[in-house]
Amino acid sequence: MLDLKLLQREPASVAKALALRGSSIDVAEFTALDERRRALLVESESLKGERNAVSAEVAVLKRSGGDASSRIERMGTVNARIKVLDQELELVQAEQNAWMLAVPNMPHASVPEGKDENDNPVLHAWGEPPAFSFTPREHWELGEALNGLDFDRGAKLAGSRFVVMRHWAARLERALVNFFLDIHTREHGYTEMLTPLMVNRETMTGTGQLPKFADDLFKLDGWDYFLIPTAEVPLTNLHSGEILEESMLPLAYTAQTPCFRSEAGSYGKDTKGLIRMHQFTKVEMVRFAHPDRSYEDLELMRVHAETLLQRLELPYRVITLCTGDMGFASAKTYDLEVWLPGQNKYREISSCSNCEDFQARRANLRFRRAGGGKPEYLHTLNGSGLAVGRALVAVLENGQRADGTVVIPKALRPYMDGLEVIG
RNA sequence: GGAGAGGUGUCCGAGUCGGCCGAAGGAGCUCGCCUGCUAAGCGAGUAUACGGGCUUAAACCUGUAUCGAGAGUUCAAAUCUCUCCCUCUCCGCCA
C-alpha cells in the first residue's frame, strides 16, 4: 500500500511513477474520495465532540441532582445525525481502502525503464553453459528414463501440474533443501523457520496476494484459509502489528515450504515437466531491513541466492527487472536465471525483491529508532534461495551425459550419501 | 467436541455501583541531576491512528477514535448485553 499522505500531497508524481510500470491510477477519483472522506470526518467528529462535552455536563448535573433532560433530548437528534454520517463514512472509507489496496508499488529510481520482460537488462552472468557432444535432453525425459520423476502417477493422484518423485529424485529434492538451508543458516546468518502452510485472509492481504490476486491462490472450502503460494507470505507477516527495536534490524529468516499456486491464466505454458507446478518446494529468504539500508540488503540477498548456484556449479545470469515487468509489491527486483541445456535457455530460479514499506504498511510492520521517536515502517525484502524444483531441473539438465546418466554436483554429494552419478 | 477461566499501553498489572479512565501502580526506555564505578539514588518525560488549526516543514495547539474484533443498550461503556476470534486449564479424541 502506498503512503496516503504522499498521494494527497503529490498525486501527479505518484501517477507518473506508476505509469513507468504500466499501471495507471485515477487521480481525480482518489481526490474526490479523499475529500469526501475528510468532509464527513470533520462533521462527524465535531458532533461527537459536542456529544462528549454535553455528556460531561450531564454527569455533573446528575451528581448534583439537577435536571439534564433537555440536554439528553438534544443529544438524541445529534446522535441520529452522527449515525447517518458514520454509515456514509464507513462506505467511503471502505471504497478508498479498496482503491488503495489495488494500487501497486512504485519502482525505485534505480530500476531501468521498460515495457516488459524483453527490456530487462542483464546485470551479469556466471559460468559457461556446458558444451555437449550430443543433443541435451530435457529434464522430464531424463527424470522419467531414470525412474525418478513420475508425472503419470502425479496426474493420477491429483491432476496435471503434479508430480511424484521417486527414489533418487525425492532424495535429491531433500538434498537441495538441506544444502540451501545449511548455507543460509550457517554462512548467511538466516534463522530457519517452520510456518503454517495455510494462512488467513489478513495475512494474504499483508503481503499483497489479496485482494487483487485471489485467482492465483488455492482456498480451502468452508474455511477462510488459503494455501501459501510462497513462504514469503507467512515470514513477512511474522511481525505484523509489532514495533521492533532498531537494534534488531535487519532480521533474516529462511524457510523451506511447499508452495501452492493455481497457475490460473498459464494454460499451455510449461505444460511438461517440473517448471510450472501447482505444488513445488521453495527455500525462501525474507529480511526485515532498516529503511536507510534496505538496498544494501537487497544486494546482499541477491548474492546469497547466487552463492547457491555457484556452489552447485550451475551457469546463470542475473537480470534487473525493468519497471514494466516487476511484481505488484516490489520496488526493485533481481531475477536469477539458471541455464537449462535441454531448453537451451535461461529460466528463472530466483527472484529477489525489495518491497520497501509497501508490505510493511499493509501488515503494520514497524520499528522504533534507538533514542525513541515515533515508530516507522521498516522495509521488507524477499528472495528465493532457491526454487527447489527448478534447481533439480537444472542439476539434471546440466549434469547429464551421453549415456543418459547424470553427474551430481560435488557440493550435493554429501547430502546424497556420497552418490556421484544418477543412473 | 464437552466444562471452566481469561484477553487492558513496550512489558507486568489495577480498574469498585457505567460518567471525573487514554486509563492507577510497577518495570523498561529517554532526558537532566547526582555519584565516580559498571550498580544505585533523585527529578521530569514516555501510546497509536486519523482529522482540524498554525507552518515551507516540523515542533506545537486542538478534536475524534482505540482497553481482542464486531454489533447493541445509554446523553455517556474498558466497565452492561450479544456474536465472533484467540489464549489457558480439565475431560474426550488424535499424529
Side-chain angles (χ1 to χ4, degrees), chain A residues 1-10 13 30-101 194-206 210 220 222-226 234 237-249 251 258 288 357 360-378:
Chain A
M1 194 154 63
L2 297 181
D3 182 8
L4 182 67
K5 290 203 161 52
L6 183 67
L7 266 164
Q8 289 168 341
R9 206 157 36 221
E10 305 174 35
S13 64
F30 168 80
T31 306
L33 268 176
D34 196 51
E35 282 173 359
R36 176 94 182 112
R37 186 189 116 249
R38 283 194 274 184
L40 288 163
L41 204 55
V42 166
E43 189 181 351
S44 171
E45 287 191 352
S46 77
L47 288 176
K48 283 175 184 169
E50 183 184 346
R51 182 176 68 188
N52 287 344
V54 170
S55 287
E57 291 171 20
V58 170
V60 172
L61 280 172
K62 289 238 172 177
R63 233 176 295 129
S64 60
D67 177 23
S69 57
S70 69
R71 289 163 210 268
I72 290 173
E73 198 180 322
R74 185 152 59 86
M75 283 308 100
T77 56
V78 168
N79 275 333
R81 177 65 184 157
I82 288 173
K83 193 165 187 177
V84 170
L85 287 168
D86 280 355
Q87 278 171 357
E88 177 68 15
L89 185 61
E90 196 174 326
L91 290 176
V92 171
Q93 273 173 337
E95 195 176 341
Q96 187 179 32
N97 196 243
W99 190 93
M100 295 285 291
L101 286 175
L194 201 60
T195 71
L197 303 179
M198 49 186 101
V199 299
N200 59 32
R201 187 173 295 273
E202 193 181 355
T203 299
M204 280 295 182
T205 306
L210 291 178
L220 267 68
W223 296 75
D224 209 25
Y225 291 154
F226 300 82
N237 281 282
L238 203 63
H239 295 293
S240 68
E242 300 178 21
I243 299 171
L244 305 177
E245 302 286 334
E246 184 178 29
S247 60
M248 294 167 70
L249 302 180
L251 281 170
F288 295 80
D357 60 6
R361 195 170 279 115
R362 288 174 166 246
N364 200 17
L365 299 161
R366 296 179 295 175
F367 79 103
R368 200 189 302 274
R369 287 181 195 263
K374 283 182 177 292
E376 299 172 46
Y377 291 115
L378 45 77

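Proteins get letters first, then strands, A, B, ... in listed order; numbering begins at 1 in each. Here the structure is a predicted model, which is why all the values come from computation and not from measurement.
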Interatomic distance, [X] [atom1] vs [N] [atom2] [rounded to whole Å]:
X: A:Arg71; N: B:rA76; atom1: CZ; atom2: C1'; value: 14 Å
X: A:Met100; N: B:rC50; atom1: CE; atom2: P; value: 10 Å
X: A:Glu246; N: B:rC29; atom1: CD; atom2: P; value: 16 Å
X: A:Phe367; N: B:rU48; atom1: CZ; atom2: C1'; value: 16 Å
X: A:Leu6; N: B:rA57; atom1: CG; atom2: C1'; value: 15 Å

Taking both distances under 3.5 Å as the test for a Watson-Crick or G-U pair, what stems of at least three pairs does RNA chain B have?
B:1-7 with B:85-91, B:10-12 with B:25-27, B:28-33 with B:41-46, B:47-53 with B:60-66, B:68-72 with B:80-84

[atom1] atoms of [N] and [M], separation to the nearest Å:
N: B:rA3; M: B:rU8; atom1: C1'; answer: 27 Å
N: B:rA65; M: B:rG22; atom1: C1'; answer: 11 Å
N: B:rG41; M: B:rG26; atom1: P; answer: 13 Å
N: B:rC21; M: B:rC67; atom1: C1'; answer: 10 Å
N: B:rC34; M: B:rA24; atom1: P; answer: 31 Å
N: B:rU48; M: B:rA40; atom1: P; answer: 27 Å
N: B:rC11; M: B:rC29; atom1: P; answer: 15 Å
N: B:rG25; M: B:rA47; atom1: P; answer: 14 Å

With sequence neighbours left out, the residues meeting side-chain contact (heavy atoms from CB on, under 4.5 Å) with A:Arg71 are A:Val54, A:Glu57, A:Val58, A:Leu61

Determine the contact category for A:Arg9: base if any of its heavy atoms lies under 4.0 Å from a base atom, sugar-phosphate if only primed atoms, P, OP1 or OP2 are that close, otherwise nothing.
nothing

Looking for any heavy atom pair under 4.0 Å, which part of the strands does A:Arg74 touch: base, sugar-phosphate only, or nothing?
nothing

Under 6.0 Å from the CD atom of A:Glu202, do we count more than 12 heavy atoms belonging to anything else shown?
no

So does A:Glu245 have more than 12 non-hydrogen atoms from other groups sitting under 6.0 Å from CD?
no

Determine: side-chain N/O of A:Gln8 to OP1/OP2 of B:rC50, distance under 4.0 Å, yes or no.
no

Which residues in residues 38-59 of chain A have a heavy atom closer than 4.0 Å to any atom of RNA chain B?
A:Arg38, A:Leu41, A:Val42, A:Glu45, A:Lys48, A:Gly49, A:Arg51, A:Asn52, A:Ser55, A:Val58, A:Ala59

Salt-bridged, A:Glu95 to A:Arg37, with N to O below 4.0 Å?
no

Between A:Arg37 and A:Met75, which is nearer to the 5' end of RNA chain B once each is assigned its nearest nucleotide?
A:Arg37

